[in-house]
Amino acid sequence: MNIENILQTAIIGAIKQLYGADVTTSQITLQKTKKEFKGHYTLVTFPLLKISKKNPEQTAQEIGSYLAEKSPVIAEYNVIKGFLNLTIASEVWLNLLQNINTQPYFGFTPVADDAPLFMVEYSSPNTNKPLHLGHIRNNLLGHSLCKVLAANGKRVVKTNIVNDRGIHICKSMLAWQKWGNDETPQSSGKKGDHLIGEYYVLFDKKYKEELAKLQASGLSKEQAEEQSALMQEAREMLRQWEANDAQTVNLWKMMNGWVYAGFDETYDKLGVSFDKIYYESQTYLAGKDEVLRGVDEGIFVRREDGSVWADLTQEGLDEKILLRSDGTSVYMTQDIGTAKLRFDDYPIHTMIYVVGNEQNYHFQVLSILLDKLGFEFGKGLVHFSYGMVELPEGKMKSREGTVVDADDLMAEMIDTARETSQELGKLDGISAEEADEIATMIGLGALKYFILKVDPKKNMTFNPKESIDFNGNTGPFIQYTHARIKSVLRKAEEQGISVPETLESDIALSEKEESLVQLLAEFPDIVKQAGDEYNVSLIGNYIYDLAKEFNQFYHDFSILKEENTSLRDFRLVLSKNVASTIQKGMKLFGIEVPERM
RNA sequence: GGUCGGGUAGCUCAGCUGGAUAGAGCAACAGCCUUCUAAGCUGUGGGUCAAGGGUUCGAAUCCCUUCCUGAUCACCA
């Protein structure tokens with residue numbers, strides 16, 4: 001039910017009656033009336049002048065007076081220049097509220113078993129770095145997107161792809177092996193992902209020291225990089241991992257376990273979750289197979305050095321490498337493999353990737369490649385691209401240590417919420433647990449609202465100070481308003497004032513309005529669908545006059561008296577459009593809509 | 001250089017399937033706590049919607065050109 005739709009239909013009917021022209025909803029420009037004028041909705045008449053062949057004021061005047069007289073929805077109107085301001089009848093609002101009040105999940109479309117399945121990939125962490133501010137934006141966008149889709153009746157599978165293999169993983173493994181002294185999350189009290197992150201940084205530090213030493217001994221930068229013992233060891237470790245060496249794989253499993261425990265904690269705190277997690281260590285080989293199939297089928301080409309390429313120059317793009325000359329896979333290969341596994345697992349209608357805009361090109365290519373490989377969904381994949389999160393001082397740079405850690409940030413938000421609440425005396429007389437709960441709600445609410453209120457595709461500036469300022473357009477302000485509303489209701493209840501079961505208007509319905517309600521009330525038992533048309537048999541004399549009146553208002557609502565029937569039994573043929581209007585009208589007046597409509 | 005974004009108040013952002021005098025919040029200033037939660041409310045000031053051209057009755061919104069800015073164009077992920 002939607003007031004704008006009801007209005008549009010009423011206006012279309014009015015135009016048909018007044019000017020004999022059929023217009024579509026797209027020609028009806030409705031907007032909310034500006035606050036300085038009286039009315040709820042405003043019809044812009046300029047697009048209709050060709051039809052009315054009158055000037056804007058006259059057109060507005062005619063439509064307005066027609067609606068005010070004929071439509072029960074419109075209480076009054078006024079015309080200012082070419083703008084027709086319409087005031088919706090109080091009964092309509094009351095019925096709307098009534099209807100909302102009876103629906104526990106107003107606005108939600110129930111998810112049918114055969115609804116289109118949307119798979120949404122988000123988060124996509126790297127196992128050697130803890131989550132940071134950029135991931136927070138990703139997770140919040142991804143999770144919200146899933147909720148929006150589900151609310152709109154889609155089946156949703158939330159998925160995550162974990163980048164758990166490759167040379168970078170070996171770096172942190174090697175550093176831990178060399179300098180870790182068997183440190184574990186338990187022994188150190190550190191969160192697993194942070195612990196691994198430290199060893200990844202440590203590797204980089206030691207590697208740079210080694211390079212500096214080598215360069216000091218007279219080697220060029222390239223020579224130093226080549227001779228680095230550390231890097232050679234890391235490469236060797238990757239080879240062992242790929243060869244499934246038991247010791248290496250066990251180390252990998254153990255350290256990954258620490259990281260996942262850490263991630264789970266962060267996800268939990270942030271309030272996001274996944275239905276299915278994929279790991280690149282399990283998908284990259286499938287990608288390789290797909291690429292090789294592409295070579296066999298002549299979609300891709302193998303060069304002399306053994307590397308495999310896709311030629312996308314036809315599509316206006318470059319050539320793209322899919323397998324290195326040593327046969328190992330690249331990022332794109334893995335994404336192809338992951339897509340393959342996913343579509344083997346689920347009947348996916350649409351695949352959505354929530355990934356930063358620095359990968360716009362990657363997904364443009366992926367879409368084409370999947371399409372070439374014969375994946376139906378390839379063409380329609382959606383890259384839900386979002387901009388970077390910058391700091392007031394500029395971009396986050398891991399080298400400069402300006403990366404905002406997700407856990408630290410959440411903790412800081414919660415602490416600040418607690419401190420502010422305490423200062424304001426809001427936590428007086430509240431238990432420590434409850435105070436914690438409130439601080440968490442407010443702190444994380446502030447963070448989430450601050451991130452989500454910005455257009456995803458834009459780069460945004462995250463100002464920690466400002467986000468913690470609980471004034472203005474912020475999450476805490478909304479929470480505060482909600483708390484006040486609840487408080488008013490609570491106090492009203494204490495005084496014995498309660499919201500009535502049914503909302504009643506103190507304005508009496510006009511005769512005609514009552515007639516329409518009655519007419520609508522008759523429909524549930526008499527509506528029969530026949531193809532695109534709806535046949536409605538109305539029985540009883542008393543309804544005949546009402547039907548005629550209804551017919552007058554809804555032009556394409558024709559009364560056909562069947563040859564072998566008396567006046568007491570006739571049929572209305574409704575177009576789909578009118579049938580849907582009637583459905584809406586019935587909902588509007590709180591009448592149950594039968595299934596078959 | 002090619003491709004794709006972005007440019008709206010001092011700051012952070014809405015508005016962009018064309019409609020009335022371009023809106024919020026922050027910051028600034030002036031008021032409002034014995035009565036519903038002052039984490040609030042009311043008011044004031046603040047704009048060449050990057051620039052120029054075009055389409056239209058009407059352009060922040062659509063088209064073209066230019067300028068500024070970001071991302072990307074790796075046998076990295």
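Chain identifiers are assigned alphabetically (A, B, ...) following the order of the sequence lines, protein sequences preceding nucleic acid strands; residue numbering begins at 1 within each chain.
The residue A:V454 sits close only to the backbone: its heavy atoms come under 4.0 Å of sugar-phosphate atoms, none of a base. Looking at heavy-atom distances under 4.0 Å, A:S421 makes contact with a base. No engagement by A:P56 is indicated, since no non-hydrogen atom pair under 4.0 Å with the nucleic acid exists. Residue A:I167 is out of contact with every strand shown, counting any heavy-atom pair closer than 4.0 Å. Within the nucleic acid shown, A:N55 has no heavy atom closer than 4.0 Å to any nucleic acid atom. Within the 4.0 angstrom heavy-atom criterion, only backbone atoms of the sugar-phosphate kind lie near A:F477; the bases stay farther away.
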**Study point:** Intra- and interstrand pairs of RNA chain B - dot-bracket, Watson-Crick/G-U under 3.5 Å, | marks other strand
**Key:** ((((((((.[[[[.)...(...]]]].(((((.......))))).....[[[[[..)....]]]]])))))))....
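No donor-acceptor pair closer than 3.5 Å links the side chain of A:T474 to the backbone N or O of A:A446.
Near RNA chain B, meaning a heavy atom under 4.0 Å from it, residues 354-369 of chain A has A:N357, A:E358, A:Q359, A:Y361 in order of number. The stretch residues 309-329 of chain A touches RNA chain B through A:W309, A:D318, A:I321, A:R324, A:S325, each having a heavy atom under 4.0 angstrom from the strand. The stretch residues 282-291 of chain A does not touch RNA chain B, since none of its heavy atoms comes less than 4.0 Å from the strand.
The aromatic rings of A:Y207 and A:F203 lie parallel to each other, with less than 30° between the two planes, well short of the 60° mark.
Among residues two or more places apart in sequence or in another chain, the side chain to side chain contact (heavy atoms under 4.5 Å, CB included) test is passed with A:P130 by A:D193, A:H194, A:D405. Every residue was checked against the side-chain hydrogen bond (donor to acceptor under 3.5 Å, both in side chains) condition with A:E434, not counting sequence neighbours, and none meets it. A:R303 pairs by the side chain to side chain contact (heavy atoms under 4.5 Å, CB included) definition with A:D305, A:S307, A:W309, A:E319, not counting sequence neighbours. In this structure A:R235 satisfies the side-chain hydrogen bond (donor to acceptor under 3.5 Å, both in side chains) test with no other residue, sequence neighbours excluded. A search for side-chain hydrogen bond (donor to acceptor under 3.5 Å, both in side chains) contacts involving A:E236 returns A:R239, A:Q240, not counting sequence neighbours. Residues satisfying the side chain to side chain contact (heavy atoms under 4.5 Å, CB included) test with A:N163, not counting sequence neighbours, are A:N126, A:H168, A:E280.
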In residues 357-369 of chain A, what donor-acceptor pairs under 3.5 Å come from side-chain atoms, sequence neighbours left out?
residue : atom : partner : partner atom : Å
A:Q359  : OE1  : A:Y331  : OH           : 2.4
A:N360  : OD1  : A:H383  : ND1          : 3.4
A:N360  : OD1  : A:S385  : OG           : 2.9
A:N360  : ND2  : A:N357  : O            : 3.4
A:Y361  : OH   : A:D318  : N            : 3.4
A:H362  : NE2  : A:D335  : OD2          : 2.8
A:S367  : OG   : A:G378  : O            : 2.9

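Distance check: A:K129 NZ to A:S172 OG gives 10.5 Å after rounding to the nearest 0.5 Å.
On the nucleic acid side, RNA chain B has its first and last nucleotide under 4.0 Å of a heavy atom of chain A at B:G5 to B:A77, going 5' to 3'.
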